[in-house]
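Throughout, protein chains are lettered first and strands after them, A, B, ... in sequence-line order, and every chain is numbered starting at 1.
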Amino acid sequence: MDLFLAKQKIILPIFLLGFDLSISDFALTVVGIPMIAFGIMFMAAKKLSYFPSMGQNALEFVYETFHNIFKGYLGRKGNKYIPFLFSLMCFIFLLNLGNLIPFVFPCTSQLALTLTLGILVFVLIVGIGFYEHGNHFWHLFIPHGIPNILKPFLFVLELFSFLIRPLSLALRLAINMVAGHVMLHVIGSFAHGFSIITATSIAISTILSIFEIGVAALQAYVFAILSCIYIADVMHGHEENKKEK
Amino acid sequence: MEVQVARLFGAALAIIPLFGVGLAIGQIFSTLISSIARNPSIKKDVLPVAILGFALTEAVALFALLIAFLILFN
């Protein structure tokens, strides 16, 4: 299945205590692209003042837009989780954009990276659940106002849909990215010689590339907003949702 | 039936979910348009939800595509 298994090239082999810690182009991309983003943001936020410079203004605008979106889901109590969600979104967005650059390793089309992110979010959700509710965490899986006979079945069902979350998060992101690559590959493989079909395929793949930038932004947003919804789910539970409405 | 032919049929069957996805995306955007047409001031609140729903629905289509590829190239 070499469609989904891109070969990573080992740049600097390191073996430590029996672990393979070699630096491949995969690892280099995952670290490098966020470092560039960190540099840009650090420059923008270096001199904070009440009369913001252009960089600070832009950064504040972007951050506040997403801050408000996340706050709408999380409520006042969940303010502390917003920076994590924002940085998660930026990370995924930049790696998605990196996918589109030729000769850059397509990180987010690897299930290894996306599943790691999904499991990270999952561990965070479980942690928040136990932190906020303690042992009452298990009550989240039993909706209110159902007959006692149904409770075990619903518990199993809810638990399953809870456990499947990291996998669905990871698969959605990876498959979206792979689908974009496959589409470009298929359109590109129509090109043959110098003909009208070649010209059409170049035009279509240009349009598709622009479309892919939109998909990159959309999938990063979806990943972050779904993590946000899961966190809000675990924080508020079933009872408080009812009260708010 | 030869394996290759069976594969092609399997891949064709695997993208049947696109029927439902097409209906769903049409439903999402028709509802979005009619709700904005009734109350244009709500656009800012409704659009992110619609985009989220669109992305979630699109993922189903891509899962089907993945299965089709797995059948074809595995």
Side-chain angles (χ1 to χ4, degrees), chain A residues 1-5 64-73 85 89 92-93 96 108-111 114 118 161 164-165 167-186 189 211-212 214-230 232, chain B residues 2-33 35-36 39-74:
Chain A
M1 200 70 237
D2 48 339
L3 189 68
F4 302 109
L5 292 174
E64 260 170 31
T65 310
F66 288 106
H67 183 97
N68 288 337
I69 292 173
F70 291 139
K71 203 175 174 183
Y73 287 99
L85 289 167
M89 192 179 65
I92 294 170
F93 175 59
N96 282 352
T108 40
S109 50
Q110 300 295 313
L111 209 57
T114 55
S161 80
I164 209 79
R165 278 170 182 180
L167 195 67
S168 79
L169 271 180
L171 267 179
R172 182 177 302 114
L173 180 56
I175 298 305
N176 264 292
M177 290 299 116
V178 169
H181 294 312
V182 169
M183 221 144 63
L184 281 176
H185 177 80
V186 169
S189 63
F211 176 71
E212 281 300 307
V215 170
L218 186 66
Q219 287 309 314
Y221 172 72
V222 165
F223 197 101
I225 211 82
L226 278 178
S227 318
C228 177
I229 288 172
Y230 293 158
Chain B
E2 284 180 34
V3 177
Q4 197 56 41
V5 180
R7 269 188 179 171
L8 290 177
F9 271 107
L13 287 177
I15 55 169
I16 286 178
L18 293 192
F19 173 72
V21 173
L23 282 181
I25 291 177
Q27 178 77 32
I28 288 168
F29 281 106
S30 77
T31 318
L32 176 71
I33 291 167
S35 64
I36 291 176
N39 184 2
S41 66
I42 210 167
K43 184 179 176 183
K44 234 175 82 183
D45 298 331
V46 172
L47 200 62
V49 184
I51 297 291
L52 181 65
F54 166 71
L56 292 181
T57 318
E58 199 200 17
V60 176
L62 291 167
F63 289 148
L65 192 71
L66 170 74
I67 299 297
F69 277 128
L70 280 174
I71 293 169
L72 274 181
F73 299 115
N74 209 351

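For A:I69, no part sits under 4.5 Å from any heavy atom of chain B, backbone or side chain. Interface remark: A:L171 contributes backbone and side-chain atoms alike to the contact with chain B (heavy atom separation under 4.5 Å). Looking at B:L62, the atoms closer than 4.5 Å to chain A (heavy atoms on both sides) sit in the backbone and in the side chain alike.
Residues B:L18 and B:V60 are not in side-chain contact: their nearest non-hydrogen atoms beyond the backbone lie 4.5 Å or more apart. Taking the side chain as every heavy atom from C-beta outward, A:N176 and B:E58 approach each other to under 4.5 Å. The side-chain heavy atoms of B:F54 and B:L32, taken from C-beta on, include no pair separated by under 4.5 Å. Residues A:I229 and B:L52 are in side-chain contact: their nearest non-hydrogen atoms beyond the backbone lie under 4.5 Å apart.
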